[in-house]
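Below you'll find the structure, written out as structure tokens, and then a few comments.
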Amino acid sequence: MAFEIHELTNQTETNGHYILTKHTRTTLRFGECESLHIESGFAGCIVFELELKPTLLEIRKKSGWAVKLGSSTDFELKLKCATIEVVEAEPKLNEPSIKQQP
């Protein structure tokens, strides 16, 4: 799953928009997944929350991860997986700051 991620600063422009920095394209791979749950559509939504918690996998009876993605819309994804791998993390150094309304 690929994400464009940014750091939300506490700095604002004169119009009140927050300044986002540290633009990075990140790709994560979730392995040996079970209990996938998806609410609504994912395409084009803005993910506000990525929660990773250690958990016990029910089917495989071993340690794993509980993953939750939440968004600005009604999209939500929950799954459990044995592994999480960072496949790519590519900083985008030449892109201008993006402004986010408070």
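Please read these numbers as outputs of a predicted model, since none were measured by experiment. Numbers here are sequence positions counted from 1.
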Note, Leu28 side chain near Glu88 side chain (heavy atom, < 4.5 Å): no

Set of residues satisfying side chain to side chain contact (heavy atoms under 4.5 Å, CB included) with respect to Ile84, sequence neighbours excluded: Phe30, Leu52, Trp65, Val67, Cys81

Side chains of Glu4 and Lys92 in contact at under 4.5 Å (non-hydrogen atoms): yes

Qualifying residues under salt bridge (charged side-chain N to carboxylate O under 4.0 Å, His left out), relative to Glu32, sequence neighbours excluded: Arg60, Lys62

Joint hydrophobic cluster, Leu57 plus Ile59, side-chain heavy atoms closer than 4.5 Å: no

Side chain proximity check, Leu77 to Leu36, heavy atoms < 4.5 angstrom: yes

Close side-chain approach of Thr55 to Lys80, heavy-atom, < 4.5 Å: yes

Lys61: partners by side chain to side chain contact (heavy atoms under 4.5 Å, CB included), with sequence neighbours left out: none

Side-chain donor or acceptor of Thr24 paired with backbone N/O of Thr26 under 3.5 Å: no

Any residue meeting salt bridge (charged side-chain N to carboxylate O under 4.0 Å, His left out) with Glu90, in chain and number order, not counting sequence neighbours: none

Over all atoms of both residues, closest heavy-atom pair of Glu58 and Glu34: N-OE2, 2.8 Å

Main-chain N/O of Val87 paired with Thr27 side-chain donor or acceptor, under 3.5 Å: no

Thr83: side chain to side chain contact (heavy atoms under 4.5 Å, CB included) partners, not counting sequence neighbours: none

With Lys22 via side chain to side chain contact (heavy atoms under 4.5 Å, CB included) - residues at least two apart: Glu7

Full working for side-chain contact (heavy atoms from CB on, under 4.5 Å) between His17 and Thr12: CA-CA 5 Å; His17 292 188; Thr12 58; over 6 Å; no

From CG (Leu69) to CD (Glu51), nearest 0.5 Å: 10.0 Å

